[in-house]
Amino acid sequence: MQTKQLKELISQMTIEEKIGQLAQITGDFFDTNAKITGPMQTMDLTEKEITKVGSVIGILDYKKVKQIQDMYLAKSRLKIPLIFMSDVIHGANTIFPIPLGLSSAFNEDLIYEVAKISGKEAAIQGCNVTFSPMADLAFDARWGRNMEGNGEDPYLNERLTQAYVRGYQQKDKQGNLQLASCLKHFAGYGLVHAGREYNTVDISQRFLKEYHYPAYKSGIDAGAKMVMTAFNTINSIPAVSNESLLKRDLRQNMNFDYPIISDWGAISELIYHKVAQNKKEAALQAFKASCDIDMMTSCYQKELPKLIDEGLCNEADLDKAVYRLLNLKNELGLFENPYGQIDEEACKNFILSMEIKNKAKEAADESVVLLKNEESILPVKNEEKVIICGPLSNTKELMGPWSIYGDVSAISSIKEYFTKQNKNIKYIDYEQVLQNIELIKGAKKVIFFGGETSFESGEAHSKTNINIEQKQLTVLKQIKTIVKDIVFVNFSGRPLILSEINIYCQGILQAWFLGTMTAQSLYDIIYGNINPSGKLTMSFPRTVGHCPISYRDYPTGRPKEYAIDEYTSKYIDCLNEPLFPFGHGLSYANIQINKIVYDKEEFKKNEKIIIQVEVENLSKISAKQTLQLYINDLVADVIRPRKELKSFKKFKINKLIKKEIIFEINKEMLKYINQNGEEQIDTGDFEIMIGFDSTNVQTQKIKLIK
Ligand code: GLC
């Protein structure tokens with residue numbers, strides 16, 4: 001439909017029809033079992049109000065989508081189709097690693113491919129919009145939603161967020177959007193106070209602009225079609241009713257003119273925030289702030305008619321909000337084909353196909369992080385007698401918290417898959433080991449699958465205790481009395497405290513929740529068919545007392561390395577540094593940096609520095625490795641972190657060869673937000689640090705001159 005026709009259509013709509021478009025409800029209101037992903041509240045919607053809503057959440061089933069669409073259009077005066085939205089966060093039926101795991105691959109192309117293929121699996125079943133990617137930076141391991149993001153670094157977050165958007169938003173032959181990407185949660189949700197879910201966020205505008213907005217900007221510039229508001233407050237105002245946040249920072253400054261949707265129930269929750277007396281005030285505040293869609297409350301449908309009638313909201317703004325949504329429906333081709341990308345044939349042969357599973361396996365292989373490998377305990381040799389045990393060694397629940405459409409029958413447990421692959425592997429039930437430790441006698445190595453379950457992270461799952469549970473530690477200590485060689489495979493949706501594990505285990509693999517191909521991937525990595533290459537995108541603290549922690553910390557006025565006495569920025573009971581730092585991840589291959597050559601050490605604003613890094617693989621196996629480049633701004637208008645990731649190069653290197661990796665430094669990489677909130681680039685001295693993680697780096701001073 002042409003824009004002119006869209007505007008013509010809106011001019012024919014009644015007020016109730018316009019307001020109805022701004023309401024989103026679950027499929028349950030259409031008599032089907034939708035996925036419920038938030039607190040259900042009584043909405044008292046009349047039959048007439050239900051037939052007027054504009055969008056449905058939580059259905060991924062082409063038969064149900066068609067049935068609901070048919071029922072709805074039959075009662076629709078102007079035949080404006082419904083739009084269906086779901087949380088396809090790391091896969092639909094075929095589950096991929098959780099985004100925090102995927103981010104460890106440091107691989108934009110992989111993210112693009114994962115979003116593209118999982119987006120197709122969702123679109124052919126009737127999903128028009130996915131509430132993904134989550135672009136919230138996270139530094140606090142106590143927060144449950146770390147699993148859903150890209151970790152703690154703004155630059156990596158920016159690169160991966162736009163890759164998700166580009167991957168999801170493929171076009172079909174008619175030029176219609178396959179699937180629309182909804183960025184979330186705007187903004188600063190990962191900074192909830194004390195890591196407690198839905199809690200207050202207090203952050204300076206400068207930090208928001210410098211660290212939290214770039215990922216949203218990159219997603220919007222990549223064409224994202226929706227933004228969801230966060231549950232938290234910014235500047236003491238809830239995000240969903242925060243005009244500065246939504247109208248100024250998002251719509252004006254980021255030039256975003258597609259729908260803004262509230263998070264589940266957020267508009268009526270303004271009453272709980274104690275900034276609205278009632279639903280009418282809540283509706284007024286959210287609508288004035290430019291929130292277009294009311295997810296799962298009746299505030300807009302019940303209150304906007306009165307607000308417009310009383311002149312407190314104007315119909316012109318209502319028309320703009322309705323236009324943004326109908327324009328999205330139009331870009332998805334829904335007016336011409338209300339069934340969107342539904343493809344019954346594809347549903348038979350594409351869902352959970354080998355094509356998708358192979359991509360899920362590739363993603364899992366690149367997400368696993370080898371944290372420790374003392375005495376090369378890994379990879380295990382096929383002929384070695386190995387015992388596998390642990391609380392997560394005999395379960396299929398390894399898909400992660402946002403696998404609501406995942407097909408659990410498609411996943412193998414560790415026990416099932418490992419014991420089939422290798423007769424030298426013996427599974428012992430975790431409880432039995434607890435009863436009789438003698439059972440592990442005769443084993444050369446023990447592979448212990450532990451950590452937290454798939455139900456302990458995700459939304460509304462903040463924790464104050466992120467240690468490995470005592471029972472697991474007790475068993476490991478007992479095992480250690482009989483078998484020296486222990487590998488710990490840590491499943492988790494967040495960094496856990498591995499300090500004690502680090503004492504007992506020579507090998508530690510961070511396995512996140514890898515999805516449908518978990519067992520296959522971990523087997524290949526543990527037995528060396530795949531060489532691990534993941535790198536941490538969140539620092540692993542030594543203790544929960546470290547939280548929140550980030551590699552991008554500031555020198556303070558008393559950095560411990562400069563001070564000559566006790567008066568320094570430190571803890572008296574723990575090192576400042578995390579147990580495993582951002583960017584850390586080992587390989588089975590020994591890859592080293594032979595030399596780093598800068599073509600110049602001083603450059604003008606219109607020039608760039610070329611850096612040639614010679615790396616060498618000294619081993620007889622190939623590997624993937626990620627070189628990281630950090631900067632340190634030595635003097636600036638505001639405090640600057642000691643190091644900031646500004647580039648990374650992931651490369652494959654065959655056995656026993658050298659390779660040259662090239663980096664460029666340009667003035668844009670030295671940009672920051674000054675104390676007036678403007679972008680600034682200073683001439684002067686900087687340090688460039690290059691390495692395979694954020695701590696073991698080679699440093700070179702450079703100077704930017706006029
Ligand atoms: C939830 C989540 C959000 C999700 C939405 C719909 O409350 O905060 O990430 O997309 O509701 O399920």
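Counting starts at 1 for both ligands and their atoms, following the listed order.
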**Item:** Within 45° cone and under 6.0 Å: R552 NZ/CZ vs Y211 ring
**Value:** yes
**Prompt:** When you check the side-chain N and O atoms of E331 and Y258, is any donor under 3.5 Å from an acceptor?
**Reply:** yes
**Message:** Pairing donors with acceptors under 3.5 angstrom, does anything connect the side chains of S86 and Y405?
**Reply:** yes
**Message:** Going by the closest heavy atom to atom 1 (C) of ligand 1, which one wins out of E459, E148, Q24?
**Reply:** E459
**Prompt:** Which is closest to atom 6 (C) of ligand 1 by heavy-atom distance: D87, I261, I36?
**Reply:** D87
Contact check, [X] vs ligand 1, heavy-atom distance below 4.0 Å:
X    : result
M85  : no
M228 : yes
M134 : no
I57  : yes

**Backbone N/O of P238 and side chain of T233: donor-acceptor pair under 3.5 Å** = no
**Message:** Is it the case that over 12 heavy atoms from other parts of the model lie below 6.0 angstrom from the NZ atom of K35?
**Reply:** no
**Message:** Below the 3.5 angstrom mark, is there an N/O of W402, backbone or side chain, next to an N/O of ligand 1?
**Reply:** no
**Prompt:** Short list, please: which atoms of ligand 1 are under 4.0 Å from a heavy atom of R145?
**Reply:** 2 (C), 3 (C), 8 (O), 9 (O)
